[in-house]
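Structure, as structure tokens:
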Amino acid sequence: MSDSSPSLAALLAAARMPKGARKETAELIAKVAGGPLARDLVLLPPHSAIDRGHIVPISETQDGEIATIEAEVDAHTPAFRKLPYRVRLRDETGFISAAYFRAQTDMMKRMWPIGQVRLVSGKVGFYDGERQMLHPDYVVDPSRGEKPPEIEPIYPLTAGLPGRILQRAVQIALDGVPDMPEWLEPTTVSAHKWPAFKDALMHIHKPENIDDVAPANTYRTRLAYDELFSRQCALRLRRAVRRDEPGRSVIGNGSLSRKILASLPYAATGAQQRAVADIEKDMAQPAPMLRLLQGDVGAGKTAVAMLALLAAVENGLQGAMMAPTELLARQHMASLAGMAAAAGIKMALLTGRERG
């Protein structure tokens, strides 16, 4: 897929925000999605989903569950002191109240006309022994063909970001994604019985059932593979570019490393010797080294790193070992001090706490 392809351009375009969204909201959406592009939104998977398509009688709603009911508006009770505004609903099995704090009476009466039927979906609770929905998620008029989403995807949020706003932003980004050519090897897709890329996106953002957003679902698995494979491709390309960058050949003469090895209370293992040889071979090349040293705890990785540093020192350079925390840096300093003394070289510790 070339850089100029419409598909890639659509994914790399800045994400369009829902109408009326403020700059602060856009920043919160970018924070949750991991970036401000349409790509970031369409690749943001929901962590769960809510089934709002199943309508239940009021008497069967349970405390703490999210339920969808169809009921007639029976009465209004205006807010009083610290009590919320309440709209009482009824069906053949019982009553439930929709409760709102800081509600405007005129708006409540327009939204909940007495005698009319409404589809209501939200979390059920109990107050003073009676069922209620505090600030229902959806209130729609079934006589106009309106209904809540049957399966609603739920996305990760951050403070100050309403879930409904993020949902709309994701849908706007999703609507702008065109059909794209398959970029994976066809045999890989067919072997796993995976759907097409856009098909997978549509199913996790517009699920037909709750299982569509499950981590082990085929749609999520397909997208997870795409992400992993694209990262590996990016790493391969970066490594290829890095190999072409000018570096410096560093070749030690072994004068210091021999002293270190002689001072150790044990002989270097075969694995350590092979690792050191591989590292020294890489360092001798004119291209920058890119290598990962892996080993169990106690396998001698620190000693191997020290021998690599000595190759630089033997070449008339300085060597530096970096650690992610000050505590680990001090631990490495303590473990390397004896080897440095045996080789007659100076070491120093530099942390954010040091001065001068």
Side-chain angles (χ1 to χ4, degrees), residues 11 15 17-18 21 25-56 58 60-70 96 98-99 119-126 131-140 146-177 192-228 231:
L11 286 173
M17 293 295 107
T25 303
E27 291 173 350
L28 291 175
I29 290 175
K31 176 182 177 182
V32 169
L37 306 179
R39 170 201 63 190
D40 302 311
L41 281 172
V42 300
L43 294 178
L44 174 67
H47 59 70
S48 59
I50 298 174
D51 184 352
R52 298 189 189 273
H54 181 55
I55 299 175
V56 298
I58 290 176
E60 294 183 11
T61 59
Q62 302 295 319
D63 186 23
E65 76 170 2
I66 294 175
T68 302
I69 62 170
E70 185 172 8
I96 191 171
L119 271 175
V120 189
S121 187
K123 188 174 183 178
V124 177
F126 277 79
R131 288 180 174 85
Q132 72 170 13
M133 281 188 188
L134 185 61
H135 296 274
D137 300 324
Y138 291 90
V139 180
V140 298
E146 299 173 349
K147 61 180 180 179
E150 292 193 5
I151 305 294
E152 181 181 22
I154 304 301
Y155 298 91
L157 296 174
T158 188
L161 177 61
R164 200 74 61 82
I165 294 292
L166 178 57
Q167 287 178 9
R168 287 204 292 266
V170 170
Q171 292 303 322
I172 290 171
L174 196 65
D175 291 342
V177 178
H192 294 281
K193 298 181 180 178
W194 283 340
F197 178 77
K198 187 174 181 181
D199 207 26
L201 281 179
M202 289 296 180
H203 271 85
I204 68 165
H205 292 300
K206 297 181 179 181
E208 296 177 357
N209 57 69
I210 290 180
D211 291 338
D212 281 355
V213 303
N217 189 279
T218 302
Y219 305 113
R220 290 285 292 270
T221 303
R222 157 75 210 243
L223 295 175
Y225 184 88
D226 278 74
E227 181 178 359
L228 178 62
R231 288 180 182 273

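- Counting heavy atoms from C-beta outward, I172 and M17 have side chains that stay 4.5 Å or more apart.
- A donor atom on one side chain and an acceptor atom on the other are not found under 3.5 Å apart for R52 and T68.
- A donor-acceptor pair under 3.5 Å links the side-chain atoms of H205 to the main chain of V42, judged by distance alone.
- In terms of modelled atom types and a separation under 3.5 Å, the side chain of E65 and the main chain of Q62 share a donor-acceptor contact.
- The number of heavy-atom neighbours closer than 6.0 Å to NZ of K147, taken from other residues, nucleotides and ligands shown, is 12 or below.
- In summary, the side chains of E146 and Y138 do not present any donor paired with an acceptor at a separation below 3.5 Å, with no hydrogens or angles considered.
- Every side-chain contact (heavy atoms from CB on, under 4.5 Å) that P162 has, sequence neighbours left out, goes to I165.
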- Task: Apply the test side-chain contact (heavy atoms from CB on, under 4.5 Å) to residues M202 and L174: give CA-CA distance (whole Å), side-chain angles for both, the deciding distance (0.1 Å), then the verdict.
- Result: CA-CA 8 Å; M202 289 296 180; L174 196 65; 3.6 Å; yes

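- Residues M133 and V124 form a side-chain contact, since some pair of their non-hydrogen atoms from C-beta on lies under 4.5 Å apart.
- In this structure, Y219 has its ring center at least 6.0 angstrom away from the ring center of W194.
- Rounding to the nearest 0.5 Å places NZ of K31 at 10.0 Å from CG of L161.
- In this structure, T221 contributes its side chain and N217 its backbone to a donor-acceptor pair below 3.5 Å.
- For K206 and D199, the salt-bridge test fails: no basic side-chain N is under 4.0 Å from an acidic carboxylate O.
- By the salt bridge (Lys or Arg N to Asp or Glu O under 4.0 Å) test, E27 is found to be paired with no residue, residues two or more places apart in sequence or in another chain being considered.
- The shortest distance between side-chain heavy atoms of P45 and L223 does not fall below 4.5 Å.
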- Given side-chain contact (heavy atoms from CB on, under 4.5 Å), test L11 with L37 step by step and report yes or no. CA-CA 7 Å; L11 286 173; L37 306 179; over 6 Å; no

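- Counting only distance, with no hydrogens or angles, the side chain of R164 and the backbone of D137 share a donor-acceptor pair below 3.5 Å.
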